[in-house]
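Shown next, in structure tokens, is the structure this report addresses.
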Number of protein chains: 2
Amino acid sequence: MPRGRRRGSPPTRQTILAAALGRFTNEGYDRASLRDIATDAGVDPSLIIHYFSNKETLFAEALHLPRISEALHRTLEAAGPGSEEELGAHIAQALVGLLEVSTLAPAVTALIRSAASNEDVSRILREFLTRTILRRITASLTAPDPAFRAALVASQVLGVMMARFVLRLEPLASADPGLLARVIAPNLQHYLTGDLGGYNHPERQSAPPWS
Amino acid sequence: MPRGRRRGSPPTRQTILAAALGRFTNEGYDRASLRDIATDAGVDPSLIIHYFSNKETLFAEALHLPRISEALHRTLEAAGPGSEEELGAHIAQALVGLLEVSTLAPAVTALIRSAASNEDVSRILREFLTRTILRRITASLTAPDPAFRAALVASQVLGVMMARFVLRLEPLASADPGLLARVIAPNLQHYLTGDLGGYNHPERQSAPPWS
DNA sequence: TTCATAATTCAACATGTGTATAAATTAGGA
DNA sequence: TCCTAATTTATACACATGTTGAATTATGAA
């Protein structure tokens, strides 16, 4: 390849971001190398550094968490009035829909994959969940122990995404998105408003250290 | 350090395995380097290769999946008669108990962490889940679509472990194990024997490709 | 035209990785 | 005692990684 600027103004920046997202999605932060991303984008690794300074900011820009957060909020608000009895179904539909249809699915998958191996990304995902999803759920709940309920919801959502996108556990991996939403909705609802069986009767257990 | 065999017969093999399990648990397969493991064990990296030939078999021996599998089976059988209505509670108690009390928790955590970034480990975990847990659940179910139900159970279990051990999402991360088992049991039970809301009415969705 | 600036690659560096080979020391049986 | 096998480190190789600095070419404004 000849050196120097190319003729015309090809949108190399976006090309790099797309390639990066693809690699981060399929291999996670650690295994996705700048050289592979550069090859996918038809570009030299140095150009990536020139545009994004280092691998971490490339990761951040490729995933673009604020976009995910905004889309999630919009979808949740568009789901209708915040009736507490329908919240489980709303969350289920919003999340599954978001993951399947939109262009955000790769970003979320990359986030989960990378969080498992990279402590920094793990912190990012944890804070993202806490800040955007859990806080919102917590705020609209009247049942006791809303934070614990919200974390339970998050665990089920994480599990489905893990089984479906990372582990590819059949037949869940190829299940219809709408069906999946309908199936997990009652369980989410149970976590949100159901009886948590003993959580409020601490004489049956050791004292929870966070209370 | 002087070369050559040490005086006495210290159980270095076990020391290495313990150090390896610790590193694999906290950092996953990729980020846990042989050199770090060797340092933890107070030993030269070459000794690890001499004992285990390569990193993969060290990983396999440190995790010792057959032990996990056997312990799981024993716990499940000790949980009493396989009544279909109590299966959810049994699985919940067995899994949570296994993860909290015994020495197997690090192995499972390491497995999940590593599966997210390493495709080989991902395959191992998938096959392990399918072979030992899912097949067992599937076999004792009379409800329709047992494989799908088993996969849903697996997703919730995966999610709890992910939130608790990998992401450390509070307050779930510090929740009492027994409480956790009681809380997720009804949802597991719903997946196992409950109404899956539309799964058997395929006119509402696109045909599932695995049927 | 001229000149600054943006875009792009090349070559290289420093570091970290898994692993192989050879050497050194000790233990245990003949 | 001597020999063989087991244990342990030192050295080094080959490779992959993120990153840097210089070199080269195109664009657009003055």
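In what follows, chains carry the letters A, B, and so on, assigned in the order in which the sequence lines appear, proteins first and then strands, with residues in each chain numbered from 1. In this text, all values refer to a predicted model and were calculated from it rather than measured experimentally.
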From C:dT19, D:dT8, C:dC10, nucleotide with atom closest to B:Lys55 side chain: C:dT19
Nearest listed nucleotide, side chain of B:Arg5, among C:dA7, D:dT27, D:dA6: D:dA6
Sugar-phosphate, base or nothing in reach of A:Ser46, heavy atoms under 4.0 Å: base
Spacing of B:Arg3 atom CZ relative to D:dT11 atom C1', expressed in whole Å: 8 Å
Distance test, side-chain N/O of B:Tyr51 to OP1/OP2 of D:dT8, below 4.0 Å: yes
Nearest-Å distance for atom pair CD1/P, residues B:Ile48 and D:dT7: 15 Å
A:Phe52 CZ - D:dT19 C1' separation (whole Å): 16 Å
Given DNA chain C, 5'-ward residue of the pair B:Arg31 and A:His50, judged by closest heavy atom: A:His50
Rounded distance (Å) that lies between atom P of D:dT19 and atom CD1 of A:Ile49: 4 Å
Aromatic plane relationship, A:Phe24 with A:Phe59 - under 30° parallel, 30 to 60° tilted, over 60° perpendicular: perpendicular
Nearest-Å distance for atom pair CG/P, residues A:Leu47 and C:dT9: 6 Å
Short side-chain N/O contact to D:dT17 OP1/OP2 from A:Ser33, under 4.0 Å: yes
Of the listed nucleotides C:dT26, D:dA26, D:dT7, the one nearest the side chain of B:Arg7: C:dT26
side-chain hydrogen bond (donor to acceptor under 3.5 Å, both in side chains) between A:Ser155 and B:Gln156, intermediate numbers included: CA-CA 7 Å; A:Ser155 83; B:Gln156 174 61 92; 3.2 Å; yes
Check: C:dG16 base within 3.5 Å donor-acceptor of B:Arg35 side chain: no
Atom CZ of B:Arg131: over 12 foreign heavy atoms under 6.0 Å: no
B:Gln14 CD to D:dT7 P, straight-line distance once rounded to whole Å: 13 Å
Pairwise 5' ranking along DNA chain D for A:Asp36 and A:Asp44, keeping only the more 5' one: A:Asp36
Pair A:Glu119 + A:Arg123, salt bridge at N-O below 4.0 Å: no
Electrostatic pair A:Arg164:A:Glu170 at N-O distance under 4.0 angstrom: no
